[in-house]
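Right, one structure below, let's go through it.
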Amino acid sequence: MNNPVRDAKDRLRALIHAALRGAFGETPLEGGAEAIPVEIPKNTDNGDFSSSVCMACSKALGLPPRKIAERLAELLTKENDFLASCEIAGPGFLNFKLSDKWSGDVLRLVEESGADYGRVDFGGGKRVMVEFVSANPTGPMTIGNARGGVLGDALASVLDFAGYDVTREFYINDAGHQIEMFALSLEARYLQRIFGEDYCEFPENGYHGEDIRQLAFEFYTINGSSYSECDQRTRREALCQFGLEKNIRRLHDDLERYGIIYDNWYRESGLHNSGYVSETIDMLQKRGHIYESDGALWFRATSFGCDKDEVMRKQNGFFTYYAADIAYHRDKFERRGFDMAVDVFGADHHGHTIRFRAGMEALGIDPSRLRFVLMQLVRLTRDGEVVKVSKRTGKAITLSDLLDEIPRDAARFFFNNRQPDTHLEFDMALAVKQESENPVYYVQYAHARICSLLAMLRQEGVEPRRSARLDLTLLKQPEEISLIKAIAAFPEEVTVSARELEPSRINRYLAEVSASFHSFYNACRIRGQEDGLRDARLFLAWCARQVIANGLRILGVTAPEEM
RNA sequence: GCGCCCGUGGCGCAGUUGGAUAGCGCGUCAGACUCCGACUCUGAAGGCCGCUGGUUCGAAUCCAGUCGGGCGUACCA
């Protein structure tokens, strides 16, 4: 057992299944025990778990739900150490209360698993790649990248916790039109540095940022004017290489400062240089999905549900970004053998999802192996006012600007605090507040409070005891019970987060456990209680600390022992 | 035009494969420490789940339509 909630549900399903067979000789639901609905009721008065199975079976059995419920309840209440009670309520719900053995099992599992409590084998060791941020190497990272960074990183951790073999990857778009523009912009600044501002026109769609000028000047400082006389191509390549390496280094460092470490940085240019892009197009051609028109090569995307075809190779002979991306994703599945690939990107790219899937299908790769997390844009605010630019630079706020102002923990927690597909409001004033209205402090405080409690009792000579020497059935106050339930929910929360690709559930879960702990802490004193009760409660607090620490670790947020 | 996402108390958001009285945080109001960290807790007020119809024992959830907001629909990435 490593998932108490899932196990309890499965066990209840099996019991109900057996009772149905016992009472009616059949299970009228298709799918057998698996299909029996069992859930945790919102209202705790309705028990620990409940089932609406009687309503679902009513028609097939030709009996009113309550009649079915009566027959089942009779069989289900026969002695067993798992169920404490089974009651009939409302239109025919079966409401179950579990015996307190279950609570003890939950806490013993936390003790046994420690830092691994919450790990489940949902992923079955399948290899999954999470590709995220993949910001253009032509400039610094934006706030949007900051959200994508946390989202991707936390998602990767969740998947790891859920039993996948995870690889984090950054895809560097170091080829194509924008890199051309990058090179042209650098060249212009370089030549202007040598021959004066009027020497040449700045390219029309070039990058006007100060960072480009800076890069060109650095290049000049190192190489002097030696590249002013050589042929254009050599000059551009040298400048481009120089600029890219500098920028990629910076992306790497900014992300590291943010707590994000990639397993792999993958270069688009490699796909072109090795001929993999054209090989991929050849493959599509052999399968009959490519045609020529107006001097360009087109992919018949309309055969796969898209509303228009896509250019793969332009009139000018260059491949489109789309062609490279199809090759890149083919590489993920075919050459590197990932079972699943997740792409995290901005909602403004949502049009890609269907086109990417079309490409995979055309290549004979099951498109369901490719999944997407789309995130909406971020709105930065300060005290209710929208913040557009950095006070210091007057330019759009970059990730490193943000980290100059906001602690890493707060930034990481905030950017993951909402479902990806909703617009996220990031209140910079709130993020630095050390008060309960700031959710990250609320959670961290709960952790610190428990640590401090443990330390204090230790000083008084009270060590936490092993569960084997405790009577956990002493924990029966409502606050104790609901804290145990909250702790029990963690593995299932990890499972659902992984299944839905939704790491923000972990934030909400942590806030819940923390609230549950604080309530417990206020209602149930530990110091000064009779030894047995004191030790049981201390153990419960210790378990709560472990769960909070594990959850925070998934988010890449620290779990401080004091604040 | 076509396509995707989002409409839930004043604000920000949850709500699992349809389930019982729609929750949480902030804010508002009223309370709780000579006692384990008050960075905390307890309670109250506050909602036609955008609107209309449909599916059924049962809808915030599924379907159709409609209104409002965001985005996409390049031989850019």
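Note that this is a predicted model, so its numbers are computed, not measured. Residue numbers begin at 1 in each chain, while the letters A, B, ... track the order of the sequences.
Mapping Pro37(A) and Gly528(A) onto RNA chain B by nearest heavy atom places Pro37(A) at the nucleotide closer to the 5' end. Mapped onto RNA chain B by nearest heavy atom, Glu561(A) and Lys9(A) fall at different nucleotides, with Lys9(A) at the one closer to the 5' end.
Qualifying side-chain hydrogen bond (donor to acceptor under 3.5 Å, both in side chains) partners for Tyr328(A), counting only residues two or more places apart in sequence or in other chains: Glu169(A). Here Phe318(A) pairs with nothing under the ring pair (Phe, Tyr, Trp, His ring centres under 6.0 Å) rule; sequence neighbours left out. Listed by chain and residue number, His352(A) satisfy the ring pair (Phe, Tyr, Trp, His ring centres under 6.0 Å) test with Tyr321(A) (two or more places apart in sequence, or in another chain).
As a whole-Å value, the separation of Glu562(A) CD from rC36(B) P is 17 Å. For the pair Gln477(A) CD and rC41(B) C1', the computed distance is 16 Å after rounding to whole Å. At whole-Å resolution of the value, CD1 in Ile40(A) and P in rG23(B) are 17 Å apart. In this structure, CZ of Arg537(A) is placed 12 Å from C1' of rC36(B), rounded to the nearest angstrom. Separating the CE atom of Met563(A) from the C1' atom of rA38(B) is a distance of 14 Å, rounded to the nearest angstrom. Separating the CZ atom of Phe122(A) from the C1' atom of rU16(B) is a distance of 13 Å, rounded to the nearest angstrom. In this structure, the CG atom of Leu374(A) is 10 Å from the P atom of rC6(B), given to the nearest Å. Between the CZ atom of Phe426(A) and the P atom of rC11(B) there is a distance of 22 Å, given to the nearest Å.
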For nucleotides 57-59 of chain B, give me every protein contact, N/O to N/O, under 3.5 Å, one pair per line with atom names.
unit_1  : atom_1 : unit_2   : atom_2 : d
rC57(B) : OP1    : Lys59(A) : NZ     : 3.0

Output a table of nitrogen or oxygen pairs between the protein and nucleotides 71-77 of chain B separated by less than 3.5 Å.
unit_1  : atom_1 : unit_2    : atom_2 : d
rC71(B) : O2     : His350(A) : NE2    : 3.0
rC75(B) : O2     : Gln315(A) : N      : 2.5
rC75(B) : N4     : Asp294(A) : O      : 3.3
rC76(B) : OP2    : Lys314(A) : NZ     : 2.7
rA77(B) : OP2    : Tyr321(A) : N      : 3.3
rA77(B) : O3'    : Gln178(A) : NE2    : 3.2
rA77(B) : N6     : Tyr321(A) : OH     : 3.4
rA77(B) : N1     : His352(A) : NE2    : 3.3

Report each atom pair, protein N/O against N/O of nucleotides 13-15 of chain B, whose distance is under 3.5 angstrom.
unit_1  : atom_1 : unit_2    : atom_2 : d
rC13(B) : OP1    : His423(A) : O      : 3.0
rA14(B) : OP1    : Gln419(A) : N      : 3.1
rG15(B) : OP1    : Gln419(A) : NE2    : 3.1
rG15(B) : OP2    : Gln419(A) : NE2    : 2.6

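Pairing of rU42(B), defined by two Watson-Crick or G-U wobble distances under 3.5 Å, is identified with rA30(B). For rC4(B), the paired nucleotide is rG70(B), the pair qualifying as Watson-Crick or G-U wobble because both relevant distances are below 3.5 Å. Under the Watson-Crick and G-U wobble criteria, each requiring two contacts below 3.5 Å, nucleotide rU16(B) is left unpaired. When both pairing distances are held under 3.5 Å, rC11(B) makes a Watson-Crick or G-U pair with rG25(B). Using the Watson-Crick or G-U wobble rule with both distances under 3.5 Å, rC75(B) pairs with nothing in any strand shown.
Across rU16(B) and rC57(B), the matching P atoms stand 22 Å from one another, rounded to whole Å. Rounded to a whole angstrom, the distance from the P atom of rC24(B) to that of rG70(B) is 32 Å. The gap from the P atom of rA14(B) to that of rC62(B) amounts to 15 Å, rounded to the nearest Å. Comparing rU17(B) with rC33(B), their C1' atoms are spaced 47 Å from each other, to the whole Å. Separating the C1' atom of rG25(B) from that of rC71(B) is a span of 29 Å, rounded to the nearest Å. Taking atom P in both rC26(B) and rA20(B), the straight-line distance is 25 Å, to the nearest Å. One C1' atom belongs to rA64(B), the other to rU73(B), and the distance between them is 25 Å to the nearest Å. As rounded to the nearest Å, rU61(B) and rC49(B) have P atoms that lie 10 Å from one another.
A close approach under 4.0 Å does not occur between any side-chain nitrogen or oxygen of Ser50(A) and OP1 or OP2 of rA20(B). For the OP1/OP2 pair of rC41(B) and a distance below 4.0 Å, the side-chain nitrogens and oxygens of Tyr442(A) include at least one atom meeting the criterion.
At the heavy-atom level, Tyr521(A) lies under 4.0 Å from base atoms of the strands shown. Counting non-hydrogen atoms under 4.0 angstrom, Ser452(A) reaches a base of the nucleic acid. Using a 4.0 Å heavy-atom distance criterion, Ala448(A) is classed as a base contact. Nucleic acid contact for Ala446(A): none, since no nucleic acid atom lies under 4.0 Å from a heavy atom of the residue. At a threshold of 4.0 angstrom between heavy atoms, the contacts of Cys306(A) with the nucleic acid are absent.
A donor-acceptor contact closer than 3.5 angstrom is absent between the side chains of Glu87(A) and Asn95(A). Counted by atom type alone, Ser504(A) and Arg508(A) present one or more donor-acceptor pairs between their side chains at under 3.5 Å. Asn136(A) and Gln178(A) are linked by a side-chain donor-acceptor pair at a separation below 3.5 angstrom, with hydrogens and angles left out of the test. Looking only at atom types and distance, the side chain of Tyr171(A) has no donor-acceptor partner in the side chain of Asp343(A) under 3.5 Å away.
Between Tyr445(A) and rG37(B), no base-stacking contact is recorded for ring centres under 5.5 Å apart and planes less than 30° from parallel.
In Glu562(A), the CD atom is not crowded: 12 or fewer heavy atoms of neighbouring residues, nucleotides or ligands sit closer than 6.0 Å. By the neighbour-count criterion of 12 heavy atoms within 6.0 Å, atom CD of Glu530(A) is densely surrounded, having more than that number from other residues, nucleotides or ligands.
The cationic group of Arg71(A) lies under 6.0 Å from the six-membered ring centre of Phe24(A) and within 45° of the ring axis, placing it in a cation-pi geometry.
Centroid-to-centroid, the aromatic rings of His349(A) and Phe372(A) stay 6.0 Å apart or farther.
Looking at Pro503(A) and Leu151(A), their side chains come closer than 4.5 Å, going by heavy atoms from C-beta outward.
Comment: Glu460(A) does not engage Arg458(A) in a salt bridge, judged by the lack of any side-chain N to carboxylate O separation of less than 4.0 angstrom.
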ask   = Between Glu492(A) and Lys9(A), does a salt bridge (charged side-chain N to carboxylate O under 4.0 Å, His left out) hold up when you go through it step by step?
value = CA-CA 11 Å; Glu492(A) 183 64 3; Lys9(A) 284 184 178 180; 5.0 Å; no
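A donor-acceptor contact under 3.5 angstrom links the side-chain atoms of Asn95(A) to the base of rA20(B).
Using modelled atom types, no side-chain atom of Asn416(A) and backbone atom of Arg412(A) make a donor-acceptor pair closer than 3.5 Å.
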